[in-house]
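The first residue of the sequence shown is numbered 1, and numbering continues consecutively from there. As a basis for the values below, the full set of heavy atoms in this structure was taken, side chains included, without hydrogen atoms, waters or symmetry mates.
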Amino acid sequence: MYVLKKSLKNKIYLQLGLIFSLVIVLSCLTAREVWADSPPRFDFDQVLYRAIEVDDELENRRAEIELNEARYQDALREYFPEVTLTLEQQDHHDGLFIEQDDHYEHSYNARLVQRLWSGGRLGGRLNQTRASLKAARLGYRMRAAEVLERAANAYFDLLEAQMETEIQSALRTSVEESYRVASEKYEIGELTRVELLEVRQRRNEVNRRHSRALNELQKARIRLNRVLDRDFEASIFVTRGEFDADQEPPEELTDQRRQQSRAQLLDHSYSIRQQEQEVVYAEEGVALAQAHFLPDLSAEVDYDARGDDPFGADEDDYYVGLSMEMFFFGHSVQSSYQRDDDDVESSEFTMTFFDNRPDITHRISARDPVQTEDSLEVQTRQAEAMKTEAKNQLKETRKNEIEDLESLFYDWISERVDIINEIEELEYRDEQLHLTLTRDELGEVTILEVIEAQIAKSNAEIELMKSWFDFYFNQFVIDLMIGEVDVEVEEP
C-alpha cells in the first residue's frame, strides 16, 4: 500500500481543509448532472492493482518468462547423461505352414553417453539461459512499473479534474446568484446597463470555464477507463484517500536524501539490473565462442543382449569408450577409443576439412543461432563486439536513470516552492473575499468586485490543488524508481 504521511500543525491548514470540504458539499448539491449516475468509486491502491491485473502486455511478459524457463531447463539437462533404451522383436517361422512351430527373437540395447568436458560450452549456455531468464523477469517488473506509473498519472489527472469541476461548480453557483441580484438592481435602476453587462461578461466567462472543466473531466475519465480496461464512456470516480490538498508544505529536500535515493536507484532500478544481465549474457557469449576452440570429451557405455526368452538373454556384449571432438584451424577433428567385454581395444581418428556444420561449431547465441559459415574467429569477434556494446549500454542506462531521478528531484523542489507560495496566495484571497463580502453588506463595493474576488479565490484553490497533486505524482514516481512502492505483482 502506498501511503504518504500528512500532518496539520496550525489553524491555516485546518481552515483550508474546511474550505475544501465546503466545496465538496456545494458541488454535490449544485453539480448533480456530473455525479447523478453514482459511478463506481476507486481509491489509489485499487486503481494500481486493477491496472496490473488487466494489462495485456504483462501476459506477454509472463509467456516470455515461461519460454526462458524452458530454455534454462533444456540447458540444465545437458549436464545429465543421455540414455537410450531400445527393444526389438523379430518373428521367425520354422516351416511353410502357419501351424508349424515358430519363435520370437528379442534384442535389447542400452546406451549411455555422458559429456565429461566441453571446454566450458555447457556452462556458457547454462549461464546465458540463466541471464536471459533473469532479464525476462526484470522485463516483467519493468512493464509492471510502467503500468503503475501510467495508472497513477491517470488517477491524479481524474482526481484533479474532479476537484477543479467541484470548485468551478461552486463558483458558478455563486456568480449566478450575483448576476440574479445584479439583474434585480438593474430593473429598479440601482445598476447601470454597462455595469450589468460587465457582470454578465464575468458570468459567461465562469460558465465557459465550468464547461471546459466538465470536458476535461470526461477526458480524464476516458484515460483512466482505458488504463483499467473499462468502457471508455463508463462513469468512474476516484477518492482522494491520503492525498490531501490542504496539509502543510513538505519538508525541504536534503542532500543526504538525494544521495540515499541515488544509491537506492542504482541498487533497485529494473532497467539497470536488466542491462546488467545483458552484459552477463554477452560475456558468456565471448567465453562460449572461445570455448569452441577446445575439445568436447564424452564417455559412452553400450550394452546389447539377444535371445528367445523375453526375460533373459542367450548372448550379450558391451563396450565402453571415450570420444573427442573439436574444431581445429577450420577443420573438424574427431577421435574415439573403445574397449569391449572381450578386452578388445579399438580407436579411430578422423579429420574433416573445412566443415562448419552447426552441429560441429555449436551455437554461440541461444537467441540468434549461428547458421552461417563464418569462421570461429569471426564469431568470437562478433561476441566481443556484443559484449562491448552491452557494457556501453549499461553505462548509458545508469546515466539516464540518474538523470531522470535528479530531474524529478528538481521538479520536487519547484513544486514545494509553488505549494508554499500558493498556500499564502489562497490565504490572501480568502481574506480578501471575506473583506469584500463584509464591505458589500455595507454597500461599499460593487457586485463586479465581489465576483472578481470570488474568481480570484477559486483560481488560488485550483492552482494549489494542482500543485499538490503534481507533487504527489512526482513523489510516487520517485518512490517507484528507488523501490519504496510496496505493490504486490503476480509473477510466474
Side-chain angles (χ1 to χ4, degrees), residues 1-10 12-17 19-21 23-24 42-45 47-48 145 148-167 213 216-217 220 223-224 227 238-262 264-265 403-430 458-487:
M1 181 179 296
Y2 184 74
V3 178
L4 295 181
K5 296 180 180 179
K6 62 175 182 178
S7 61
L8 297 175
K9 294 184 178 179
N10 55 51
I12 294 176
Y13 308 114
L14 180 58
Q15 182 183 12
L16 293 177
I19 292 172
F20 278 98
S21 298
V23 167
I24 294 174
F42 289 84
D43 62 24
F44 187 61
D45 291 335
V47 168
L48 298 184
L148 293 178
E149 182 176 345
R150 186 179 63 170
N153 190 20
Y155 167 86
F156 283 113
D157 280 350
L158 180 53
L159 186 57
E160 180 180 309
Q162 289 175 180
M163 292 293 296
E164 182 171 358
T165 301
E166 292 167 358
I167 295 172
E216 290 300 320
L217 176 62
R223 285 193 295 271
L224 184 57
V227 171
V238 293
T239 58
R240 286 195 302 172
E242 299 295 330
F243 301 107
D244 290 337
D246 52 8
Q247 62 175 328
E248 65 179 17
E251 297 179 357
E252 188 174 358
L253 181 64
T254 63
D255 289 338
Q256 181 180 2
R257 168 72 187 280
R258 295 177 68 166
Q259 293 297 329
Q260 180 182 0
S261 297
R262 181 182 292 186
Q264 289 178 265
L265 171 72
E403 179 183 357
D404 291 343
L405 181 63
E406 290 298 320
S407 178
L408 287 171
F409 274 134
Y410 280 110
D411 290 341
W412 192 95
I413 294 172
S414 298
E415 289 156 4
R416 176 180 180 273
V417 173
D418 290 341
I419 289 171
I420 293 174
N421 293 333
E422 286 158 7
I423 286 177
E424 295 178 355
E425 175 72 11
L426 179 57
E427 180 185 3
Y428 164 70
R429 295 300 179 183
D430 183 54
S458 297
N459 291 339
E461 290 174 342
I462 292 172
E463 291 303 318
L464 176 59
M465 175 266 299
K466 288 183 176 180
S467 294
W468 266 117
F469 292 154
D470 288 345
F471 172 81
Y472 284 133
F473 175 67
N474 189 3
Q475 183 67 61
F476 176 79
V477 176
I478 291 175
D479 289 346
L480 192 62
M481 291 181 67
I482 65 178
E484 291 190 356
V485 176
D486 183 17
V487 178

If you round to the nearest 0.5 Å, how far is [atom2] of [Y] from [atom1] of [X]?
{"X": "L265", "Y": "D404", "atom1": "CG", "atom2": "CG", "answer": "9.0 Å"}
{"X": "I462", "Y": "L426", "atom1": "CD1", "atom2": "CG", "answer": "11.0 Å"}
{"X": "W412", "Y": "S407", "atom1": "CH2", "atom2": "OG", "answer": "15.0 Å"}
{"X": "E242", "Y": "D45", "atom1": "CD", "atom2": "CG", "answer": "9.5 Å"}
{"X": "L464", "Y": "E422", "atom1": "CG", "atom2": "CD", "answer": "6.0 Å"}
{"X": "L48", "Y": "D43", "atom1": "CG", "atom2": "CG", "answer": "9.0 Å"}

Quiz item: Passes side chain to side chain contact (heavy atoms under 4.5 Å, CB included), E484 versus Q264? Steps please.
Solution: CA-CA 9 Å; E484 291 190 356; Q264 289 178 265; 3.2 Å; yes
Quick check: do [X] and [Y] have side-chain heavy atoms less than 4.5 Å from each other?
{"X": "L408", "Y": "M481", "answer": "yes"}
{"X": "E425", "Y": "N421", "answer": "no"}
{"X": "E160", "Y": "D470", "answer": "yes"}
{"X": "R240", "Y": "L159", "answer": "yes"}

Practice problem: Check step by step if side chain to side chain contact (heavy atoms under 4.5 Å, CB included) holds for L253 and R416. | Solution: CA-CA 9 Å; L253 181 64; R416 176 180 180 273; over 6 Å; no
Quiz item: Does any N or O in the side chain of T165 come within less than 3.5 Å of the main-chain N or O of A161, such that one atom is a donor and the other an acceptor?
Solution: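 Checking the backbone N and O of A161 against the side chain of T165, a donor-acceptor pair under 3.5 Å is found.
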Quiz item: Where the side chain of Q162 meets the backbone of L217, is there a donor-acceptor pair that is under 3.5 Å apart?
Solution: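 Here the side-chain-to-backbone pair does not exist.
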Quiz item: L480 and A145: which non-hydrogen atoms are nearest, and at how many Å?
Solution: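 For L480 versus A145, the nearest heavy atoms are CD2-O, 3.4 Å.
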Quiz prompt | Least distance between heavy atoms, P250 atom then I419 atom | solution =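 Looks like CD-CD1, 4.3 Å.
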Quiz item: Within 45 degrees of the axis of the six-membered ring of Y410 and under 6.0 Å from its centre: does R258 put its NZ or CZ there?
Solution: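 Pair R258/Y410 counts as cation-pi.
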Exercise. Please check if any side-chain donor atom of Q475 sits under 3.5 Å from a side-chain acceptor atom of D479, or the reverse.
Key: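 Yes.
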Quiz prompt | Side-chain H-bond candidate by donor/acceptor type, S467 with E415, under 3.5 Å | solution =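 Note: S467 and E415 side chains miss the donor-acceptor criterion.
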Practice problem: For side chain to side chain contact (heavy atoms under 4.5 Å, CB included), just list the numbers for M465 and F469, CA-CA rounded to whole Å, side-chain angles, deciding distance to a tenth of an Å, and then say yes or no. | Solution: CA-CA 6 Å; M465 175 266 299; F469 292 154; 3.4 Å; yes
Quiz item: Would you call K466-E164 a salt bridge at under 4.0 Å N-O?
Solution: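 Yes.
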Quiz item: Between R262 and E406, is the closest basic N to carboxylate O distance under 4.0 Å?
Solution: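 Counted as a salt bridge, because a side-chain N and a carboxylate O are separated by less than 4.0 Å.
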Quiz item: Looking at the rings of F44 and F243, which for Trp means the six-membered one, are their centres under 6.0 Å apart?
Solution: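 Aromatic pair counts; centres sit under 6.0 Å.
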Quiz prompt | Sub-6.0 Å ring centroid separation between F473 and Y155 | solution =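 Ring-ring flag for F473/Y155: false, centres at least 6.0 Å apart.
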Quiz item: Angle class for the W468/F471 ring planes (parallel below 30°, perpendicular above 60°, tilted otherwise)?
Solution: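 Perpendicular.
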